[in-house]
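Note that the structure is a prediction, hence the values are computed from the model and not measured. In what follows, every chain begins at residue 1, and chains take the letters A, B, ... in the order their sequences are listed.
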Amino acid sequence: GQQLNQSPQSMFIQEGEDVSMNCTSSSIFNTWLWYKQEPGEGPVLLIALYKAGELTSNGRLTAQFGITRKDSFLNISASIPSDVGIYFCAGQVKTSYDKVIFGPGTSLSVIP
Amino acid sequence: DTGVSQNPRHKITKRGQNVTFRCDPISEHNRLYWYRQTLGQGPEFLTYFQNEAQLEKSRLLSDRFSAERPKGSFSTLEIQRTEQGDSAMYLCASSHFRREDGYTFGSGTRLTVV
């Protein structure tokens, strides 16, 4: 079946540093999504990517849809304490119900 | 509209008991999804509704699980004869079929089976 891999599994960084995390898949996706989840809450959509090669920004966040359509990365610039959480990449398949498949997540800790 | 609402937020139950969770999606969203998330993992798909029709079920959804969306609005997920392995966060999400920008998730129901 379709599986997503995320790296790194966890990160501990100093406030102000830039962060980069990756997601790879054995399958092609039509849409790549990046979500953030905080403890006790559901995932919140950060960025959606629709075309191979697309580079999209949302504030300090930048994400790219890989040319092969099998990978994506997320960068966070100038990290702040509220960036703490688990970041999930997700691939969306164009089917009758646009199923979304999630990766295992990257846990981000920001040291003030 | 305040987003996707799930109740209860937390549920502790004894093994063997039945539990039911409710999800109220965003009002104009005709698609509704249930996911399950265990500690340290990403959400895993359980089932999908378009309006009131349940169109897809994962193999994760055993016979003890049943989901309904009787009027195409809110949905319920029932687990019968709960087992300790059912302990997880149960997430509901909704989307509009014309939009290709992922789902909006609720805050989830945390189930603990003791």
Side-chain angles (χ1 to χ4, degrees), chain A residues 1-10 21 23-25 27 29-51 54 56 58 63 65 69 72 74 85-108, chain B residues 2-10 21 23 25-26 29-51 53-60 69 88-112:
Chain A
Q2 294 157 318
Q3 258 191 317
L4 298 179
N5 298 302
Q6 287 189 247
S7 63
Q9 188 175 3
S10 61
M21 57 188 79
C23 185
T24 59
S25 168
S27 305
F29 289 106
N30 300 106
T31 301
W32 280 93
L33 307 162
W34 284 92
Y35 283 87
K36 178 188 177 186
Q37 187 175 30
E38 297 183 14
E41 298 296 328
V44 174
L45 183 65
L46 299 174
I47 290 181
L49 301 157
Y50 304 106
K51 296 180 184 177
E54 179 181 354
T56 297
N58 178 9
F65 192 144
R69 296 169 65 191
S72 177
L74 175 71
I86 301 177
Y87 291 79
F88 291 100
C89 68
Q92 190 165 29
V93 179
K94 191 64 180 172
T95 65
S96 60
Y97 62 95
D98 294 333
K99 182 178 180 179
V100 172
I101 298 166
F102 284 82
T106 291
S107 175
L108 177 63
Chain B
T2 56
V4 179
S5 177
Q6 291 190 248
N7 289 289
R9 291 294 308 274
H10 304 276
F21 312 139
C23 171
I26 293 172
H29 286 183
N30 58 339
R31 294 180 168 183
L32 186 146
Y33 312 82
W34 284 98
Y35 278 73
R36 182 174 70 186
Q37 185 179 26
T38 53
L39 277 175
Q41 301 297 320
E44 295 175 294
F45 171 79
L46 290 179
T47 190
Y48 157 70
F49 289 85
Q50 179 150 327
N51 301 313
Q54 187 175 20
L55 299 183
E56 182 76 16
K57 290 196 290 186
S58 162
R59 285 172 290 180
L60 293 175
R69 194 182 183 198
M89 173 81 91
Y90 290 85
L91 292 161
C92 176
S94 69
S95 71
H96 192 284
F97 79 101
R98 290 190 185 277
R99 298 183 60 178
E100 299 177 349
D101 55 0
Y103 310 155
T104 301
F105 280 88
S107 297
T109 295
R110 168 74 65 190
L111 173 66
T112 303

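B:Phe105 and A:Phe88 have their aromatic ring centers separated by at least 6.0 angstrom.
B:Tyr103 places a side-chain N or O within 3.5 Å of a backbone atom of A:Val100 that can act as its donor or acceptor partner.
For B:Gln37, the part sitting under 4.5 Å from any heavy atom of chain A is the side chain, from C-beta outward, and nothing else. For A:Gln37, the part sitting under 4.5 Å from any heavy atom of chain B is the side chain, from C-beta outward, and nothing else.
Residues B:Leu91 and A:Pro43 share a closest heavy-atom pair of CD1-CD, 3.9 Å. Of all heavy-atom pairs spanning B:Ser107 and A:Glu41, the tightest one is OG-OE1, 2.9 Å.
Ranked by heavy-atom pairs under 4.5 Å with chain A, the first of B:Gly108, B:Pro43, B:Cys92, B:Ala93 is B:Pro43.
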